[in-house]
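Structure first, then comments.
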Amino acid sequence: MAAVDTHCPYCALQCAMTLTDTASGVAVSGRDFPTNRGGLCQKGWTSAALLDVEDRLLTPLIRTTAGDLEPASWDDALALIANRIRALQAEYGPDAVAVFGGGGLTNEKAYLLGKLARLAIGTAMIDYNGRFCMSSAAAAGNQSFGIDRGLPFPVTDLDSAESILLIGSNIADTMPPLVQHLAAARSCGGLIVIDPRRSATAALCDDGQGLHLQPLPGTDIPLLLALLHVLIADDAVDVDFLRARVDGVADALASANEWWPERAEQVTGVPAHSIRQAARTLWRASAHGGGQGAYVLTGRGAEQHANGTDTVQAAINLALALGLPGRRGNGYGALTGQGNGQGGREHGQKADQLPGYRSIADPVAREHIASVWGIEPADLPGAGLPAMQLLTSLGEPSGPKALLVHGSNLVVSAPNAEDLKRRLAGLDLLVVTDFVPSETAMLADVVLPIAQWAEEEGTMTNLEGRVIRRRRLRPPPGEARDELAVIADLAASLGHEFARTALDVFTELGAASSGGLADYAGIDYDRLDEPLPAHWPYAAGTPGTPRLFTSRFAHPNGRARMRPVHASDVRDDVRPGAPMYLITGRVLAHYQSGAQTRRIPELDAVSRGAFVQIHPLTAARLQITDGDDVQVTSGRGAVSAPARLSYDIRPEVVFMPFHFSGEGSVNRATNPDSDPISGMPEFKVCAVDVRRKEA
Ligand SMILES: Nc1nc2c(c(=O)[nH]1)N[C@H]1C(S)=C(S)[C@@H](COP(=O)(O)OP(=O)(O)OC[C@H]3O[C@@H](n4cnc5c(=O)[nH]c(N)nc54)[C@H](O)[C@@H]3O)O[C@H]1N2
Ligand SMILES: Nc1nc2c(c(=O)[nH]1)N[C@H]1C(S)=C(S)[C@@H](COP(=O)(O)OP(=O)(O)OC[C@H]3O[C@@H](n4cnc5c(=O)[nH]c(N)nc54)[C@H](O)[C@@H]3O)O[C@H]1N2
Ligand code: SF4
Ligand SMILES: [Mo]
């Protein structure tokens with residue numbers, strides 16, 4: 001029986017697992033590792049079922065003139081793509097072809113996809129779904145600390161904390177094995193969760209284990225400013241730390257002046273006494289307050305807003321005022337989401353970035369990458385458009401005419417999805433590379449079938465910036481090919497020779513990242529996953545960096561930066577005709593657009609289809625009973641799904657998960673309006689009309 005030690009295909013916790021090929025299929029068992037300690041969630045346990053799903057893509061597909069997707073040979077598919085790319089570029093210029101990547105791709109694939117776009121295709125137009133995920137946290141992290149590593153410490157550091165503030169994060173559903181690292185904080189009554197819903201994570205605060213603050217959606221900034229206000233009023237700010245290590249303090253502290261708790265209560269709905277209690281719990285737990293440690297952590301509920309960068313900045317300002325970042329046993333972090341959401345944002349899928357987290361506008365960075373790629377710096381394109389701008393330029397006269405998608409099911413997961421669907425349908429060429437016929441693949445002109453996680457080699461970088469190995473148990477079925485080879489094949493058909501094995505690409509990535517912020521040059525591929533952890537930056541000849549900021553922050557002067565933040569209204573605010581808030585997020589059993597988990601019978605059985613979580617009082621007012629079909633309509637479009645009555649949500653808010661397609665696909669309604677700094681769309685809050693759907 002073949003067996004390999006690898007990690008889960010899904011989220012950024014990257015739980016360690018062992019896969020064994022048995023007579024009755026691939027068996028999954030949890031493996032001891034610092035993040036999951038042998039634990040897996042339901043998605044992890046059932047992950048092997050995806051290898052053998054019935055509608056697995058086994059051959060390339062080409063759309064015929066009659067409009068059907070028909071099996072084709074690899075040679076025909078690759079030739080067709082190369083010919084169309086060159087023809088479109090000859091007619092409309094190099095940027096007529098765009099590439100869209102994903103945070104689920106291995107480091108090697110993310111790197112090679114960036115090289116495919118910029119070198120072989122020669123386009124500036126590449127971005128990826130991390131823009132929908134980590135971009136606000138990344139922007140605020142870069143702004144504040146000079147570097148963007150989601151958690152600048154190992155998750156095991158959380159184990160000793162007396163208090164942990166989770167802002168818009170529901171880890172009990174989104175990373176269940178991480179919950180064990182909250183044990184100490186809960187036993188001290190120190191878990192604080194900010195969420196408009198009483199989520200499974202908020203429920204962990206029950207019975208004296210902590211405090212759930214349940215604000216109106218989109219009001220995190222005034223709430224965080226009020227927490228800071230309390231610290232200032234209590235004389236609890238760590239002024240010595242701020243003087244020694246932080247710039248921009250006075251203005252940032254002043255921005256909290258106008259948010260005394262009673263005023264914040266009016267705007268957020270969180271009682272002033274709860275705000276005071278939360279601030280004081282955090283302070284008492286912090287090193288400055290004499291405690292064993294405190295952490296401030298953000299999730300997508302804080303970040304996925306048109307003011308997401310400012311919201312994260314407000315969280316960082318609070319953490320800095322408490323003296324947490326860079327102090328052992330204390331800290332600030334963002335909980336990265338996708339399997340390789342961290343590594344995927346470091347090696348060149350981002351519109352403005354080159355491998356090693358280098359800026360594409362930096363002449364020194366351009367020279368370095370050009371030398372690794374054997375080209376002239378002038379031949380490297382400049383910055384492209386961030387995801388939302390890229391997607392809304394499709395179908396416009398000056399926009400790209402072709403799109404290559406690797407690792408995203410955009411028509412389910414992008415905001416204002418019906419508009420996007422029309423734009424994709426109007427392209428001259430849509431190529432989707434996937435292992436299942438996702439909703440987006442079904443719209444493509446060419447579909448390329450690839451290996452899945454247990455059929456490929458590579459590295460992933462988990463939410464702690466720890467680089468780990470993904471290992472191959474068995475070869476892909478049918479004519480599906482390793483995705484690295486597919487990217488190299490595409491490059492070859494455009495006249496460029498690329499490395500095509502994970503080890504070779506990792507070696508090249510190491511050289512490309514060398515000297516950059518996310519430096520992988522010192523990592524020995526063969527020794528990864530040994531007990532010694534490999535956290536970047538890991539420059540050649542160094543031992544890697546489990547903890548950042550212990551002596552300096554990454555800005556040139558070594559200091560962190562606070563910035564003043566100001567509250568702003570929800571972009572698409574409630575109004576006559578759309579009197580309620582719609583918020584969106586996840587359920588335990590499904591992953592992202594659901595392209596993978598909706599195909600797994602065990603997961604489908606526990607969670608089939610979308611639902612509208614609604615407060616019983618609101619439901620009664622609208623004459624909706626449990627299970628009734630409810631129509632939710634925003635300025636973009638309408639969705640419908642059965643009502644699920646629950647006291648866990650505020651009366652003026654409804655919640656829907658985004659994992660489903662069809663009538664219940666909530667991104668038909670969400671707001672594409674984006675954050676000016678990060679490019680993050682306003683996924684989390686929009687104004688809607690809610691009513692019972694007439695038969
Ligand atoms: N089961 C499951 N796990 C996953 C994933 C998945 O799809 N399914 N995806 C992975 C990925 S890519 C990611 S990014 C992570 C995401 O992990 P999380 O950030 O934990 O997930 P979400 O459910 O998107 O959002 C968290 C919470 O934000 C709340 N929220 C909504 N609006 C607001 C607001 O205005 N303010 C505040 N404070 N909270 C708000 C929602 O009610 C929700 O409970 O999960 C990862 N793990
Ligand atoms: N309303 C709302 N919308 C959201 C969010 C929200 O909270 N609310 N969250 C956003 C967030 S945080 C995220 S991360 C996005 C994610 O949404 P998507 O970008 O759609 O992510 P997935 O569903 O993971 O899509 C991955 C697709 O790629 C395929 N795939 C998986 N691995 C690979 C691979 O290695 N190579 C290739 N070529 N294909 C692969 C899968 O089969 C699937 O079809 O959704 C965003 N959309
Ligand atoms: S928590 Fe994330 S990594 Fe762990 S088993 Fe579940 S989906 Fe996989
Ligand atoms: Mo994400």
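Each ligand, and each atom within it, is numbered from 1 in the order the structure gives.
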Show me which atoms of ligand 1 lie under 4.0 Å from any heavy atom of Asp195. 27 (C), 28 (O), 29 (C), 41 (C), 42 (O), 43 (C), 44 (O)

Leu588 neighbourhood, listing ligand 1 atoms whose heavy-atom distance to it stays under 4.0 Å: 1 (N)

Salt bridge present between Asp604 and Arg598 (N-O < 4.0 angstrom): no

Hey, are the side chains of Thr106 and Arg470 touching, using non-hydrogen atoms and a 4.5 Å cut-off? yes

Phe655 N/O to ligand 1 N/O under 3.5 Å: no

Ring-ring centroid check Phe100 His406, cutoff 6.0 Å: no

Any heavy atom of Asp173 under 4.0 Å from ligand 1? The part involved is backbone

Heavy atoms of other groups near Arg644 CZ, more than 12 under 6.0 Å: no

Mind listing the closest non-hydrogen atom pair of Gln592 and His659 along with its distance? O-ND1, 2.7 Å

Just let me know how Ile194 lines up against ligand 1, side chain, backbone, both or neither, with a heavy-atom cut-off below 4.0 Å. both

Under 4.0 Å from a heavy atom of Val587: which atoms of ligand 1 are those, numbered in the order shown and with their elements? 1 (N), 2 (C), 8 (N)

Does Asn170 reach ligand 1 with a nitrogen or oxygen that is under 3.5 Å from one of the ligand's nitrogen or oxygen atoms? yes

Sub-3.5 Å donor-acceptor pair from the side chain of His305 to the main-chain atoms of Gly301, do we have one? yes

Should the proximity of Thr219 to ligand 1, defined as any heavy atom under 4.0 Å, be assigned to the side chain, the backbone, both, or neither? neither

Please name all residues satisfying side chain to side chain donor-acceptor pair (under 3.5 Å) with Glu457, sequence neighbours left out, ordered by chain then number. Arg469

Which ligand 1 atoms, with their elements, are less than 4.0 angstrom from a heavy-atom of Lys43? 1 (N), 2 (C), 3 (N)

Nearest atoms (heavy-atom pairs only) where Arg472 meets Glu455: CD-O, 3.3 Å

Residues Lys109, Glu456: salt bridge by 4.0 Å N-O rule: yes

For ligand 2, list the protein residues that place a heavy atom within a distance below 4.0 Å of one of its atoms, sorted by chain and number. Leu105, Lys109, Asn129, Phe132, Cys133, Gln304, Gln338, His406, Gly407, Ser408, Asn409, Ser413, Thr433, Asp434, Phe435, Val436, Ser438, Ile450, Glu483, Thr584, Arg586, Tyr591, Gln592, Ser593, Ala595, Gln596, Phe658, Val666, Asn667, Thr670, Phe683, Lys684

Assess the side chains of Ser593 and Ser413: does a donor N or O sit below 3.5 Å from an acceptor N or O? no

